Protein chains: 2
Amino acid sequence: MAELLVERDLRFLLYEFLDTGALAGRPRYAEQSVELWDAVLETARKLAGDRFADHNAKGDANEPVFSPDGITLIPETKAAWDAFAAAGFLSAHWDAGEGGLQMPEVVLRAAMAWFNAANVATVAYPFLTIGAANLLRAFGSPEQKRLFLAPMGDGRAAGTMALTEPGQGSALGDIKTTAVPQADGSYRLFGQKMFISGGDQNLSENIVHMVLARIKGAPAGVKGISLFLVPKRLVDDQGRPGAANDVAVAGLLHKMGWRNTTSTVLSFGDRDGAVGTLVGEAGKGLAHMFRMMNEARIGVGLFAACIAYRGYRLALDYARERRQGRLPSSKDPLSPQVPLVDHADIRRLLLAQKAFAEGGLALCLTASSWFEDQQTHPAPEGRRRAGLLLDLLTPVVKSWPAKAGCQANDMAMQVAGGAGYTRDHQLEQLYRDQRLNPIHEGAEGIHGLDLLGRKVAMADGAALKVFEEEVQTTIARVGRRDPLAPLAQQLAAALKRLLEVSGPLVALQNTDPDRALANAAVYLDAFGRVVAAWVWLRQAMVAGAGLAAGRDEAFYRGKIQAARYFFAWELPGAFPLFDLLERVDGIPLDMRDEWF
Amino acid sequence: MAELLVERDLRFLLYEFLDTGALAGRPRYAEQSVELWDAVLETARKLAGDRFADHNAKGDANEPVFSPDGITLIPETKAAWDAFAAAGFLSAHWDAGEGGLQMPEVVLRAAMAWFNAANVATVAYPFLTIGAANLLRAFGSPEQKRLFLAPMGDGRAAGTMALTEPGQGSALGDIKTTAVPQADGSYRLFGQKMFISGGDQNLSENIVHMVLARIKGAPAGVKGISLFLVPKRLVDDQGRPGAANDVAVAGLLHKMGWRNTTSTVLSFGDRDGAVGTLVGEAGKGLAHMFRMMNEARIGVGLFAACIAYRGYRLALDYARERRQGRLPSSKDPLSPQVPLVDHADIRRLLLAQKAFAEGGLALCLTASSWFEDQQTHPAPEGRRRAGLLLDLLTPVVKSWPAKAGCQANDMAMQVAGGAGYTRDHQLEQLYRDQRLNPIHEGAEGIHGLDLLGRKVAMADGAALKVFEEEVQTTIARVGRRDPLAPLAQQLAAALKRLLEVSGPLVALQNTDPDRALANAAVYLDAFGRVVAAWVWLRQAMVAGAGLAAGRDEAFYRGKIQAARYFFAWELPGAFPLFDLLERVDGIPLDMRDEWF
């Protein structure tokens with residue numbers, strides 16, 4: 001069985017591609033070291049293999065059951081949850097003053113990659129808990145933190161994000177759940193939420209729902225939305241859970257994948273209202289929630305990259321073991337069959353998967369390093385630039401690995417053929433699991449609008465400018481005689497086209513926003529290819545240096561070949577997209593309903 | 001609930017796009033008419049809705065069960081099988097002398113489209129039976145036909161194609177199942193077959209397995225393969241089934257989709273050998289089997305097109321009913337939400353699906369019309385040309401709708417977002433069902449090799465030449481001032497590039513076949529886009545004529561917009577592929593196993 005991830009890859013990304021080791025020089029991490037981080041990663045690797053990978057298939061085949069007694073998950077899920085909490089991963093990145101280990105973000109996320117590769121459906125519970133706790137850390141009152149943070153850090157409580165409602169979907173401004181102010185300063189919530197992952201389970205004593213709702217009488221639209229903390233069980237003044245709050249599971253949704261993650265319809269206030277407390281400022285609920293949503297979006301990118309990675313390695317194993325047919329040059333039917341991996345088309349499918357999976361992983365960890373730099377970079381300009389890159393590219397970091405990941409898992413299945421299409425192979429589950437990633441945490445179309453309608457133009461285009469500078473810096477570092485020079489030139493050409501189409505599309509939003517944003521998803525797609533190409537060029541440069549140093553030849557050659565593949569086979573596909581964007585193609589926009 | 005297919009579309013394809021009405025002028029169909037064919041299609045429409053669509057979801061949720069007593073399917077499957085047989089569809093295309101109705105191939109396949117849109121997993125049984133019977137009709141001895149054809153025509157017997165073996169997969173030359181000659185002229189078969197769809201069931205009294213095996217002592221490779229008829233139950237001299245033959249179900253495979261189609265491992269000769277009789281000539285088994293395989297390949301294209309079509313119409317329904325958010329130009333949060341279909345990106349997803357689904361359906365029925373012409377065209381040259389086109393393009397007709405269909409169903413799910421990802425929506429099942437089509441009846445890679453390694457070069461390139469002439473004829477029919485002229489020019493440019501890369505790739509096969517064929521799957525992909533563009537231009541021309549005649553404006557505008565979409569959004573993607581092919585890109589080929 002393939003290892004969950006290739007450890008060498010993670011080390012390459014953290015310590016060669018990213019300069020994670022240098023974090024030890026920052027005051028916050030003064031007492032930490034690469035050795036410590038390696039130990040953390042080793043713990044994650046072992047735990048992921050022992051407690052998460054063990055029931056990935058079982059959780060898929062045995063969905064959570066909803067009965068009058070509550071939700072029942074297969075028992076391995078609870079064992080995984082407890083082990084994850086016991087190892088300290090729920091609070092590893094918290095400040096020492098909060099009871100955490102002050103672990104760097106990028107190290108935490110690299111650790112999460114192990115768990116993601118093992119079992120995304122079970123990881124969803126701690127993943128959401130980490131995000132909800134971070135939201136509370138950012139905007140909660142001292143009292144809210146006192147009551148709820150510690151249980152969320154040690155596994156007694158889990159967290160959720162409760163945004164979506166049955167009639168509203170992606171349009172968060174139309175949220176209808178109502179919060180009625182009470183005399184004691186608390187609120188009573190009434191309304192229904194849908195697709196709430198982890199909305200109920202039998203893993204933790206309590207669940208902390210982070211709920212978007214509208215204070216009674218608040219204005220329509222996003223300005224009327226506030227954020228509330230609504231626990232599953234009411235707590236005493238020490239945060240200990242007691243009586244059930246007025247939050248009921250109205251049903252479970254049955255998904256194509258991620259089956260071991262409960263997806264719930266939650267009913268708030270069927271009786272006298274679910275007791276909640278306001279988090280942060282009234283009317284700023286959506287802005288606050290973006291703290292958790294943005295983190296979750298990077299997280300979805302990482303889920304996608306890891307599912308793609310796992311599929312790639314399993315397909316590679318299959319292709320190496322399974323012998324079938326002969327090469328076109330071999331006409332002798334008595335000659336032995338060759339392994340699948342010897343066939344050029346299979347190699348193409350594997351190399352593409354490598355480019356997508358390892359590229360996605362590199363991109364997501366880069367984003368985590370920006371998050372890190374935004375918080376702890378010693379220079380204000382360093383923090384500013386990292387923050388702008390993170391803001392600008394969050395839609396890409398979420399969407400590109402998801403889209404490429406679906407392609408990768410599709411190719412993994414194709415490598416295994418009929419066998420891959422059966423439920424006897426893990427590839428089948430990975431294919432189903434992966435398909436959620438372009439949907440949850442904002443469908444692709446939403447991210448296109450976010451990128452082209454907000455991010456590219458924000459602060460007068462400052463973020464796009466920083467991105468351009470970063471890419472140009474990379475390109476400038478490739479010498480004319482460097483074997484990678486053709487790739488650098490191609491990246492320069494793609495960047496030029498991207499910038500050429502961006503300006504007019506931003507300008508057009510002032511006069512004809514419907515037309516300007518009609519092809520926003522295409523813009524996102526093309527932008528994603530440029531970003532992925534940039535990431536691959538940087539990886540290839542690091543690999544080139546490794547080769548020059550005479551180390552690990554096969555490993556570095558593989559990286560360079562994957563980069564070459566991406567530039568020769570995937571980046572060119574961006575140019576027809578730029579053409580569509582340049583002429584602001586209106587064919588879909590002009591299609592009329594009655595013509596369908 | 002959306003109708004299974006839009007009837008107007010089928011009529012457009014049969015009677016406007018294809019000149020099916022003219023078939024009535026051919027001697028074979030002298031006693032038939034459009035009215036008769038319409039009645040046949042109406043029967044199919046009704047039967048598909050009543051007896052196939054009714055249990056599509058139920059069959060998915062309740063897989064066939066394998067027990068010592070045999071296989072059990074949900075009872076609706078048997079009702080569907082019986083109704084299909086009773087309506088005469090199993091033998092509708094047979095000669096009158098065989099007991100058939102002499103229905104034209106293209107009418108039969110158009111009828112099958114109704115069933116495919118309803119429930120591919122149940123259709124698989126009659127589909128395979130029709131194919132196996134056709135194989136028997138083509139190569140069976142009078143005695144074999146006397147015993148088995150009638151039951152296969154009235155539903156007492158079903159048919160299968162038994163090619164694949166556990167250790168061999170796509171490499172048919174490595175088949176190991178052995179046939180031992182007996183004194184009475186029959187054979188005893190020993191071996192194991194895998195992924196045999198319909199290999200057992202409880203629908204019919206008997207099953208006729210068409211089995212590839214190697215007569216004991218036959219040479220290695222494809223030249224040693226022969227075709228055998230092996231019934232599940234031995235028959236008496238009137239063809240009535242009696243004792244069980246030595247064919248055992250060794251297990252069922254559990255697929256991601258098509259769950260109501262049994263996928264079996266069959267064991268031949270666990271006891272004293274499965275009794276079989278040779279079909280056609282010894283050593284020509286594979287050539288004979290290609291009769292059924294080619295028919296099945298067109299059939300897989302049609303499955304794919306119909307699954308895509310069904311998903312498209314369901315997604316369209318959803319997008320029309322579901323209101324969500326507002327257009328970018330609308331800033332008032334109190335304004336009502338608009339239907340999803342009003343959003344430009346949703347419209348793009350729907351228009352792309354329309355282009356893929358309706359393009360695929362048009363392509364598959366075109367292929368059926370070539371099959372028809374190959375048999376019944378009055379002119380020898382007409383028969384020759386149709387035969388060449390069919391031969392050349394079978395890999396495309398199988399692969400392009402499958403690939404585009406996966407994209408279409410992916411987009412259908414995206415339109416419905418989280419709802420589409422749940423098993424409460426049919427889109428989820430369609431997504432899983434569709435994924436088989438790029439795998440079964442030859443994986444994409446196999447068809448790439450078939451197209452570039454055999455078909456393009458066969459008969460000194462005669463087939464490619466005929467294809468070129470047909471496309472040029474279409475282009476020449478578009479006047480310079482025709483609104484479709486830009487599309488015709490673009491098609492001419494794409495055809496030129498296709499032909500430019502084809503010659504060198506064929507030539508290179510003589511000296512370096514491994515390199516020449518390394519990108520055969522890319523060649524197939526690019527070729528498919530050109531063929532689909534051709535089909536769309538022809539549909540747009542017919543629609544333009546309809547518009548000019550002042551009929552059905554919305555319908556024809558939709559066809560033209562889908563054509564415009566395809567040319568603006570999909571065909572341009574072929575050009576980067578041509579670039580790869582032109583320089584015979586070797587990046588995947590040169591990747592080494594140890595670099596992964």
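Chain A is the first sequence line, chain B the second, and so forth, proteins listed ahead of strands; every chain is numbered from 1. Bear in mind that the values here come from a model prediction, so they are computed numbers and not experimental data.
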Considering all heavy atoms of both residues, which atom of [X] and which atom of [Y] are nearest to each other, and what is their separation?
X: Pro333(B); Y: Gly221(A); value: CB-CA, 3.5 Å
X: Phe195(A); Y: Ala419(B); value: CZ-N, 3.4 Å
X: Ile439(A); Y: Gly418(B); value: CG2-N, 3.5 Å
X: Ala568(B); Y: Ile587(A); value: CB-CD1, 3.5 Å
X: Pro328(B); Y: Leu517(A); value: CB-CD1, 3.7 Å

Is there a side-chain contact between [X] and [Y], using heavy atoms and a 4.5 Å cut-off?
X: Met413(A); Y: Met256(B); answer: yes
X: Arg432(B); Y: Arg432(A); answer: yes
X: Glu553(A); Y: Glu594(B); answer: no
X: Trp569(A); Y: Pro576(B); answer: no
X: Arg320(A); Y: Phe596(B); answer: yes

Could you have a look at [options] and say which one has the most heavy-atom pairs with chain B under 4.5 angstrom?
options: Asp514(A), Asp585(A), Leu349(A); result: Asp514(A)
options: Ala171(A), Gly257(A), Ser263(A), Ala352(A); result: Gly257(A)
options: Pro513(A), Gly325(A), Ala562(A), Ala520(A); result: Pro513(A)
options: Gln324(A), Glu428(A), Glu444(A), His425(A); result: Gln324(A)
options: Asp410(A), Leu172(A), Thr422(A), Asn519(A); result: Asp410(A)
options: Asp345(A), Asp174(A), Asp332(A), Leu327(A); result: Asp174(A)

Selection from [options] maximising heavy-atom pairs under 4.5 Å formed with chain A:
options: Gln429(B), Glu63(B), Glu358(B); answer: Glu63(B)
options: Arg326(B), Arg592(B), Arg313(B); answer: Arg326(B)
options: Gln509(B), Lys255(B), Arg423(B); answer: Arg423(B)
options: Arg322(B), Arg515(B), Lys559(B), Lys354(B); answer: Arg322(B)

Main-chain N/O of [Y] paired to [X] side chain as donor or acceptor, under 3.5 Å:
X: Arg347(B); Y: Ala518(A); answer: no
X: Arg348(B); Y: Pro588(A); answer: no
X: Arg557(B); Y: Trp595(A); answer: no
X: Gln414(A); Y: Pro438(B); answer: yes

Residues which pass salt bridge (charged side-chain N to carboxylate O under 4.0 Å, His left out) with Glu165(A), listed by chain and number, not counting sequence neighbours: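 Scan of Glu165(A) (salt bridge (charged side-chain N to carboxylate O under 4.0 Å, His left out), adjacent residues dropped) gives Lys193(A).
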Engaged part of Leu316(A) at the chain B interface, taking heavy atoms whose separation is under 4.5 Å: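 For Leu316(A), side-chain heavy atoms alone lie under 4.5 Å from chain B.
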Residue part contacting chain B, namely of Val222(A), when any heavy atom lies under 4.5 Å: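 Neither part.
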Arg435(B) to Tyr421(A) six-membered ring, cation-pi geometry met (6.0 Å, 45°):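 Cation-pi check for Arg435(B) and Tyr421(A): fails.
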Out of curiosity, [X] [atom1] to [Y] [atom2], how far, rounded to the nearest 0.5 Å?
X: Asp593(A); Y: Leu350(B); atom1: CG; atom2: CG; answer: 9.0 Å
X: Tyr431(A); Y: Tyr431(B); atom1: OH; atom2: OH; answer: 3.5 Å
X: Met591(A); Y: Ile346(B); atom1: CE; atom2: CD1; answer: 14.5 Å

Residue part contacting chain A, namely of His440(B), when any heavy atom lies under 4.5 Å: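 No part of it gets close to chain A.
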Contact origin within Tyr312(B) toward chain A - heavy atom pairs under 4.5 Å: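 The side chain, not the backbone.
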By side-chain hydrogen bond (donor to acceptor under 3.5 Å, both in side chains) - contacts of Glu441(B) (at least two apart):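 Glu441(B) satisfies side-chain hydrogen bond (donor to acceptor under 3.5 Å, both in side chains) with no residue once adjacent residues are dropped.
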Test item: side-chain donor near acceptor, Gln561(B) and Asp590(A), under 3.5 Å: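 No - no donor-acceptor pair under 3.5 Å links their side chains.
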